[in-house]
Amino acid sequence: MPSVMQMTGLGRSTIYRLMAQQQFPCPVRLSVRAVAWRRSELDVWSQTRPAASH
């Protein structure tokens, strides 16, 4: 989760909220208590997001 948060710039609760709304890639279960996200899915998700304007 920390690396996903760093990569996306989103907080934990925002990631889980977007997952519930089916707007963020779902994690892959590694074991009973561990999940991970596929880097390729996060890259695709990131590329489809609108660019932030400063």
Side-chain angles (χ1 to χ4, degrees):
M1 179 58 80
S3 60
V4 174
M5 292 169 57
Q6 182 179 13
M7 179 184 170
T8 62
L10 301 174
R12 179 183 309 270
S13 60
T14 302
I15 291 170
Y16 282 115
R17 187 181 77 243
L18 290 173
M19 284 172 39
Q21 296 171 350
Q22 297 180 343
Q23 296 179 4
F24 193 82
C26 290
V28 176
R29 182 157 304 279
L30 301 177
S31 69
V32 176
R33 294 177 42 109
V35 296
W37 281 261
R38 289 184 178 95
R39 177 67 185 245
S40 60
E41 290 180 3
L42 292 175
D43 288 341
V44 169
W45 177 85
S46 179
Q47 292 169 0
T48 61
R49 301 288 291 174
S53 59
H54 296 307

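These numbers come from the heavy atoms of this one structure, side chains and all, not from hydrogens, waters or symmetry mates.
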Pairs meeting criterion side chain to side chain donor-acceptor pair (under 3.5 Å) with involvement of residues 13-29, two or more places apart
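Found none.
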Please list all pairs passing the salt bridge (Lys or Arg N to Asp or Glu O under 4.0 Å) test where one or both residues lie in residues 37-46, with sequence neighbours left out.
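Passing the test, one end in residues 37-46: R38-E41, R39-D43.
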Run the side-chain donor-acceptor check on residues 5-12: report pairs under 3.5 Å with partners two or more places apart or on a different chain.
from	atom 1	to	atom 2	distance (Å)
T8	OG1	V4	O	2.8
T8	OG1	L10	N	3.2

Return the set of residues passing side chain to side chain contact (heavy atoms under 4.5 Å, CB included) with A20 (not counting sequence neighbours), or none when no residue passes.
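With neighbours one apart ignored, the set is empty.
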Does a side-chain heavy-atom distance below 4.5 Å link M19 with P27?
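Yes, close enough: below the 4.5 Å cut-off.
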Single-linkage hydrophobic cluster, 4.5 Å side-chain cutoff, L18 and M1 together:
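In one cluster with L18: M1, yes.
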Using every non-hydrogen atom in the two residues, find where P25 and W37 come nearest and quote the distance to one decimal.
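In this case the closest contact between P25 and W37 is O-NE1, 2.9 Å.
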